[in-house]
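Worksheet: one structure, shown below.
Order of the sequence lines fixes the chain letters, A, B, ..., with proteins taken first and strands second; residue numbering starts at 1 for each chain. These numbers come from the heavy atoms of this one structure, side chains and all, not from hydrogens, waters or symmetry mates. This is a predicted model, so every value here is computed, not measured.
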Protein chains: 2
Amino acid sequence: MTQEGSSRPPVPSDLVPDLTAEQLRTLHQIGDRWTRVTGAPQNWRLALPVDPHVGSYPAHHQVRQPRYERFVTVSELGGESRTTLAAEAAAVTSTRSGRAGYRIRRVLLGPALMSTALVRERMRKLVALPVLSSDALSSVAYGPEAMLTILVLGGMAGLSLSLPIALAIMLMMLAVGLSYRQTIRAYPNGGGSYIVAGDNLGRIPGLLAAGGLVVDYVLTVAVSIAAGIAAITSALPSLSAATVPVGLGFIALLLAGNLRGVRQAGILFAAPTYVFVLSVAAVIAVGLVEAALRGFPPAPTPRVDATTGVTLLLVLRAFTSGATALTGIEAITNAVPAFRPVEWRNARTALTWVVGVLLALFGGMTALILVTGTIPDPGQTVLSQLARHSFGTGPVYVLVQASTAAVLLLAANTAYNDFPRVLSLLARTHHAPRVFMRMGDRLAYSNGILLLSAAAALIFAAFGGNTTDLIPLYAVGVFLAFTLSQSGMVVHWWRSRARHWRKSLVFNATGALMCAAVFVTAAIAKFTSGAWVALVAVAAFVVLALRIRAHYDAVGRALRLRPHSAALPGNTVRATLCPSAAPPPEPGRPEKRGMGGGDPGAEEAEETPEEIHHLSVVPVETLDLANIRALAYAASLQQPVLAVHLSPSHEEAERMAGYWRHWGDHLPLEVVVCPYRTIIAPLVNYIEALHAQRPDLTITVILPEVVPLRWWHRVLHDRIAVRLRRALRERPKIVVTTVPFHV
Amino acid sequence: MTQEGSSRPPVPSDLVPDLTAEQLRTLHQIGDRWTRVTGAPQNWRLALPVDPHVGSYPAHHQVRQPRYERFVTVSELGGESRTTLAAEAAAVTSTRSGRAGYRIRRVLLGPALMSTALVRERMRKLVALPVLSSDALSSVAYGPEAMLTILVLGGMAGLSLSLPIALAIMLMMLAVGLSYRQTIRAYPNGGGSYIVAGDNLGRIPGLLAAGGLVVDYVLTVAVSIAAGIAAITSALPSLSAATVPVGLGFIALLLAGNLRGVRQAGILFAAPTYVFVLSVAAVIAVGLVEAALRGFPPAPTPRVDATTGVTLLLVLRAFTSGATALTGIEAITNAVPAFRPVEWRNARTALTWVVGVLLALFGGMTALILVTGTIPDPGQTVLSQLARHSFGTGPVYVLVQASTAAVLLLAANTAYNDFPRVLSLLARTHHAPRVFMRMGDRLAYSNGILLLSAAAALIFAAFGGNTTDLIPLYAVGVFLAFTLSQSGMVVHWWRSRARHWRKSLVFNATGALMCAAVFVTAAIAKFTSGAWVALVAVAAFVVLALRIRAHYDAVGRALRLRPHSAALPGNTVRATLCPSAAPPPEPGRPEKRGMGGGDPGAEEAEETPEEIHHLSVVPVETLDLANIRALAYAASLQQPVLAVHLSPSHEEAERMAGYWRHWGDHLPLEVVVCPYRTIIAPLVNYIEALHAQRPDLTITVILPEVVPLRWWHRVLHDRIAVRLRRALRERPKIVVTTVPFHV
């Protein structure tokens, strides 16, 4: 998990990792041993019956429009190997459903994009600011309300604490903002929490941060959409019954848009944020000015009955709920390379602006809430109440609500950009399945996008789209990632001793301490009301990531090319004749090649053609064209062949033997009578016994398979080939070959 | 569909049909051509590296107890081929779920049975009679009631017609009974409707009879179980709410019992029928004697309001509903070989007894109904009302109801014996999927049993387990089969002119005419009330059977060994070198071998090893052990090999080419750059282009496949091998080989 490995931008060839110098040496060594068999390199030029340059050969200038050709030759890489450029997949999908799926995908997602279309956009600050800050700024739509919802439980005494708690949260914002300014400087290629924590603190903290982020992104989608729908239903209460379907519809919209690979740039994405900031600022300004003109009269607060005493727990819960207003503040640190040069300086300026606007909006809203005596109402958001208070229900109110909903949808879209990216980074270090590294038709990480949509839809539906119920889950993951990221920065400064390191260290340490305090507080105070879900999810994520890594490591070890050990006895073909009454093989005779002892796959470690000794086994059902052809295929490979016939009865066995003699007895036939009428099990048994007798042989099972034209015809045929392939799959050194026969 | 082919008892080797003399000649001819390649027969004895006699070799006397050995050698069939006896499947099933499934099957179904356990039981008449007649006799439990249910719609005027209609039905019974006596004599090996109609009338009438029977058996299960539950709920009305679950439970019981291979012999199956006959006879006798003692007073009939006039349609509907009492009468004709010798004479005597008892019970019940003035009651069966009238609600009443329910369950079990047998006969003549010919662990036709259970459960649940609603569907299929079977007998006698043929012909013609009348009447009179379902089902069955036969015929034609035509040009290996700028292949160059023109599969008609020209294609992802091993495997086959690398980008392509040179460039490498990041489609495209260029080559695609230990690890690997195999499956002359690598 080195910095340059994980923080460089993703490229499609991440899927094919480099070979190490060690591996290259081994490769060369293996190649030398091949020379003994294949002779001098490139004698294949004379042997190959097909010119590998198949298809049509357009001129070089045609390479750019590979719309109708299926193959386009690009260049010759030194003559030994040739490169062909594959065009789009359209014509190939063989099944009708496959073609239909392809057409639907093209209509919904647009034409497939070539990998070369993967360019980084550079954004002006004026565009980058709203695009990257929608997540952070939109959280004022639910942060203050989340705080009030808790405080109101303590009655008037509780509500009176809202000002100090809000001030504490604003202090947090300042500290976190200053802290992230340091991160931007140190990680000009983008310093997400996972990267910073992983680089500086080690693997487990990195994974914890990644787990926090992953849980956070799922909740960002769920909470933002829930709050966005609340903004809509505040204006149109009749819609509130349809919260869940409308929310799932929004998730489907985000899914489709992101599979299309919507870029988060452009005026379309910048406008709602500006409108939101300006309209909320107007609500605050009008409300406060009006109150000031009336000399701040004590608001006619409706009496609230305390359902609980004002305990420390209540205060802490209110604080952590309000702290959700900090979410999204890190987005700019992730996206430093998206700014124009000097990237880190522009990103830093943008961050300062965002934190400033956030502070102003949060502070202003809190003040206006206090002045107007607003308390949470299940049917209407606090922001909606404030807007009505300032502007009534006219067009300005509608503008506030609409821009709130729009900016929250953009915030959810931010998670769609970051979640798949984090998963792809994890996959690159083998902590997540490889599929998350694969880019779809439209250069988006389709699998990550699908997973996020599924998880968010599940959470959203499970909580009925209720913001208040979702908030307790939210803060935990965010502040875990914040804490680890900023602790990582402390270590970074301590190690690097770069310019101003002491000042930066202090800023980061402050941020880390405050975030840690919020994390611990949130985890404890809201454990029972939902935080446990997030904690369990993060823990499960880390365990899963470690197990996935362990599996990939094991596979990598097994697949690694090994320097060849000294020649072992039994490496030459044993061409001895085994007469019919051969002694049974000694049990437990040494068969391991001594390369790594109990290493998995050691039995399958042949590296050169001469090490592979063949025996082909052809299961023959009857002597028809498909079976004769499979026998001919097996015989034409010029390796020992053994035909096996499974017979349901002794009479049938004798009949088959008769046919075999009639044919001329060209290949050895073994007849197995199956008195229990099963086919697969006796055949597998037989092949296993062959393997036990001669573990040095690679047994190729050559199966004739009748492939009918129409899919429903398949039920009319025994699917022996499919079932046998599945049964033999788990067994070592057994190669399965299917010789199709189309009817 | 000759008589000896279809009417002999089933054996497991039906699955492997005989070769015709023509086929054997062709086989010999092909064998001669192999000799050119393989040399004198039996030189493989020297070449084979493994003794085919694998496993342990117990003495001959141990063959009978193959419980722990996995292979048991039985005999040597002339020395060329050897026979091994496979033991049970226990140890082989590789997956954990497979082993669990095996264990569950053994607990539920008992140990697997060897094919040699398939012996025909012979039954004494006293046992055979009740066992084979349960279906016929049990129908008096619903036949008279079904008739009354229709007549009561016509009010008192309708009910007054019950005596003449009952007499007509009894006349039918007599005629059908006499008619079937002739069939028994003519078909001593068992003459089911399908066989008789097929043998004498041709294919379509045979299939129509089979369709009628198949529909009939499904309805027998549904109607018998519905009537059986009605017998129970008449005594225990509180159970009537649970009709559907109880009925489905009974079907599950029949399913499990028949998968176990319950034999229909023994006292357990004979007792209920005797108890049923005796107790119903007692009900009739007591009721009639009591009425006679009282001088047959006019019964206090409750006034019934006519809901419809007494039309001809009503009479016909009542007649056809009552005629369902004839169902099951043919069971004895199917089972002639189950009697002790002289079989046909004993079977004939048994049939006479059954018809006699049936006439007595049906007539007696009708008389008692008239005397007591019983009318149908939705809450209680007519038989239950009669039993209460004769015996009150004491222990005798309970005995009547219990034996009725038991005998109806036995009647349903009869269908479980006959339905799979009919399907297996159809499968033997290729009119049904082959799976219906396969016998399960316990020597039962498991697939037919499963299909019958599913269909019966569906019908039963769809009609809510209501006998009255099911009856209209029932008569149609039965009487269609009866009519065709007896028409077939008429043709049989006309052709054979055996002893007494004139008398037999008259009896069968009478039966056929009466059954035809009932069939036409039922189809018309009850068309809208449900008969259309049965008619559509029979028609669909026939169409499906013909299409299945057409498919198997097409497959058989394609698979048939063909006499070799004169040697064609292009039959020798083209070892010419195609330089890098080869001219594109001429489109549409002749590639067909001229054997049968447009015959499907003509492209894949290689019959001898020398006709097969190889090219191996190895898709290489990177140069790790699994891929090197696949390359070594390919190279060791000593045939031309072409490696293909699909690269996501040009940089990666050049890197791979570098590795390849480093390794020593032992095999030709083609690099395909996939700018759209798909893997399967470009590879399939490439292989198709190779095939288009050289259609004479058999292309073997050799895929390295990493097989993880645990199933859930599969999501961590690209399943390229599986997906590529699926995509290549449909394409001609492409053989797919999977080289597994276990980690």
Determine, stepwise, if the pair A:Ser649 / A:Glu652 fulfils side chain to side chain donor-acceptor pair (under 3.5 Å).
-> CA-CA 5 Å; A:Ser649 68; A:Glu652 207 281 330; 5.9 Å; no
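Contacts with chain B were tallied for A:Thr622, A:Val435, A:Leu623; A:Leu623 has the most, counting heavy-atom pairs under 4.5 Å. The candidate from B:Met656, B:His662, B:His717 with the greatest count of non-hydrogen atom pairs under 4.5 Å with chain A is B:His662. For the set A:Arg725, A:Arg560, A:Arg438, the count of heavy-atom pairs under 4.5 angstrom toward chain B peaks at A:Arg725. With chain B as partner, the option from A:Leu24, A:Leu559, A:Ile628 having the largest number of non-hydrogen pairs under 4.5 angstrom is A:Leu559. Highest contact tally toward chain B, considering only A:Leu716, A:Val555, A:Val707, is held by A:Leu716 [criterion: heavy-atom pairs under 4.5 Å]. Chain A forms the most heavy-atom pairs under 4.5 Å with one residue out of B:His713, B:Gln639, B:His645, and that residue is B:His713.
For B:Glu621, the side-chain hydrogen bond (donor to acceptor under 3.5 Å, both in side chains) partners two or more places apart in sequence, or in a different chain, are A:Arg434. Residues satisfying the side chain to side chain contact (heavy atoms under 4.5 Å, CB included) test with A:Val735, not counting sequence neighbours, are A:Thr698, A:Thr700, A:Thr737, B:Tyr633, B:Thr737, B:Val739, B:Pro740.
In this structure, A:Ala653 and A:Ser647 approach most closely via the heavy-atom pair N-OG, 3.1 Å. Residues A:Ala635 and B:Pro609 share a closest heavy-atom pair of CB-CG, 3.5 Å.
Interface remark: B:His551 contributes side-chain atoms only to the contact with chain A (heavy atom separation under 4.5 Å). With a 4.5 angstrom heavy-atom cutoff, B:Arg729 touches chain A via backbone and side-chain atoms both.
For the pair A:Glu688/A:Leu690, no side-chain contact is recorded, criterion being any heavy-atom separation below 4.5 Å from C-beta on.
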